[in-house]
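Whatever order the structure lists them in is the order used to number ligands and atoms, beginning at 1. Because only heavy atoms are used, hydrogens play no part in the values below, and waters and symmetry mates are left out as well, while side chains stay in.
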Amino acid sequence: MEDLDKLQTHFVEATAAATSLDMLEVIRVDALGKKGQITGLMKTLGGLEPEARKAAGQALNAAKEAVAEAIEERKLALQDADLDHRLEAERIDVSLPARPAEVGHIHPISQTVEEIVAIFGEMGFSVAEGPHIEDDFHNFAALNIPPEHPARQEQDTFYLPERADGTRRLLRTHTSPVQIRHMQAHEPPIRIIVPGRTFRADYDATHSPMFHQVEGLVVDETTHLGHLKGTLIEFCRAFFMVDDLPVRFRPSYFPFTEPSAEVDIGCSHEGGVLKIGAGEDWLEILGSGMVHPKVLENCGIDSTRYQGYAFGMGIERLAMLKYGIPDLRTFFDSDLRWLRHYGFVPLEAPSLVRGL
Ligand code: DAH
């Protein structure tokens, strides 16, 4: 019986010292398993006298229960500790942002196009498009730029290889050919803008061989120079978000318009910093004019009945002025640091109501 007391004490102490469920299981098997030490003593009962067997049996049962109870208690404690540990380790910090910060940005060219489309869209213009690869007729001849015209040299055209019939196609040097394509395919009234890529063999801080323009064209029976002026003044003020922005129309020449005007906006250069708004200086930002009657006729439109205006502007130039971007070449370097700096947050579409 003394041995039994020692055995019980041994197992209860070992149980209290167990630090894992695995250790506890080893102790249980050692004490109460099929070949366990207490189980082993149970098997010796059969060899005892009935009186002694009864007493020994009771003592053994009590010891067995005590050990089993100690193990069960320890097991619950270890399971609790284990759960606490997991809860601590797997804790979620609910103050963390639900989604990682967005990484993509809208390129300033895309943003500027959207702003321009939003402004002219409010004025009732719709967007038209045309091909990048053009022919001589659409890019030059139909726009009243005949073969020997100096404008052809000025525009540093990229030509494609000569074709079997001796003609060469070209990368459009401006968005104006879309005027021709649209007038050939649609009856007036016409009221479109044409944002798109254009190409010229030129490369420096203010020129890139691929750049963007927006063309505008309005043709109907009543539109006159006053409409051209009103529309472009409104556009400049909305785009640069300066209500009293001075806008000046300076007589100019384009083969496809008559009369023609270049449009300047007011600015100042105080302390070497360019500021758009009332000031002592002017910045040229677009070309415009009343559509030349020959251009209408080239598209099969009766110039004694219809008239209208057209304009064209460089998108990079507008973006550089509005957003203070100093070098045009950087637009197309695909430098992510540049895009992070000058780019725009997606899903914040520009509108006249919410802001450009
Ligand atoms: N196509 C001209 C250019 O690339 C820009 C231009 C000027 C377009 C006057 C027009 C316009 O429609 O009326 O320089």
Side-chain angles (χ1 to χ4, degrees), residues 116 120 123 125 127-132 134 136-146 149-158 170-184 188 190-202 206-220 223-233 235-236 247-265 283-296 298-299 301 303 306-318 328:
I116 294 169
F120 283 109
M123 297 184 189
F125 286 74
V127 172
E129 288 182 319
H132 295 162
E134 270 295 6
D136 186 281
F137 176 78
H138 292 92
N139 196 80
F140 293 124
L143 287 160
N144 199 30
I145 311 175
H149 198 283
R152 293 202 182 197
Q153 274 76 57
E154 272 166 34
Q155 295 199 348
D156 300 314
T157 311
F158 285 115
L170 50 90
L171 296 182
R172 69 181 184 193
T173 57
H174 48 183
T175 42
S176 304
V178 186
Q179 287 189 30
I180 303 301
R181 291 187 177 276
H182 199 85
M183 286 192 279
Q184 286 176 324
I190 290 169
R191 183 174 284 260
I192 55 163
I193 55 166
V194 184
R197 291 186 176 183
T198 49
F199 307 85
R200 291 183 201 177
D202 219 344
T206 52
H207 296 91
S208 150
M210 188 283 295
F211 59 108
H212 298 76
Q213 290 189 336
V214 177
E215 193 80 12
L217 175 70
V218 175
V219 179
D220 60 25
T223 289
H224 54 70
L225 191 65
H227 296 123
L228 175 157
K229 290 184 71 177
T231 304
L232 293 179
I233 291 171
F235 166 75
C236 293
V247 181
R248 174 173 86 171
F249 290 76
R250 189 165 32 77
S252 183
Y253 172 78
F254 298 103
F256 31 88
T257 47
E258 181 60 35
S260 304
E262 279 175 307
V263 178
D264 302 337
I265 55 171
L283 268 174
E284 180 208 320
I285 59 157
L286 60 89
S288 66
M290 300 306 292
V291 181
H292 199 296
K294 276 195 193 164
V295 174
L296 295 173
N298 288 341
C299 303
I301 291 181
S303 65
Y306 294 107
Q307 58 188 15
Y309 64 82
F311 56 87
M313 52 191 135
I315 297 177
E316 283 78 2
R317 184 166 165 76
L318 289 176
L328 186 143

- Task: Taking ring pair (Phe, Tyr, Trp, His ring centres under 6.0 Å) as the test, write out the residues that go with H207, two or more places apart.
- Result: none
- Closest heavy-atom pair, V263 versus C236, reported as atoms and distance to 0.1 Å, is CG1-SG, 4.4 Å
- Query: Residues in ring pair (Phe, Tyr, Trp, His ring centres under 6.0 Å) with F311, at least two apart?
  - Reply: F120
- Message: Could you work out, with ring pair (Phe, Tyr, Trp, His ring centres under 6.0 Å) as the rule, every residue matching F249, not counting sequence neighbours?
- Response: none
- Query: Ring centroid separation for H227 and Y309, is it under 6.0 angstrom?
  - Reply: no
- Considering only heavy atoms, which protein residues lie less than 4.0 Å from any atom of ligand 1? H174, S176, Q179, R200, Q213, E215, F254, F256, T257, G287, S288, G289, A310, F311, G312
- Taking the side chain as every heavy atom from C-beta outward, state whether T173 and T198 have any atom pair closer than 4.5 Å. no
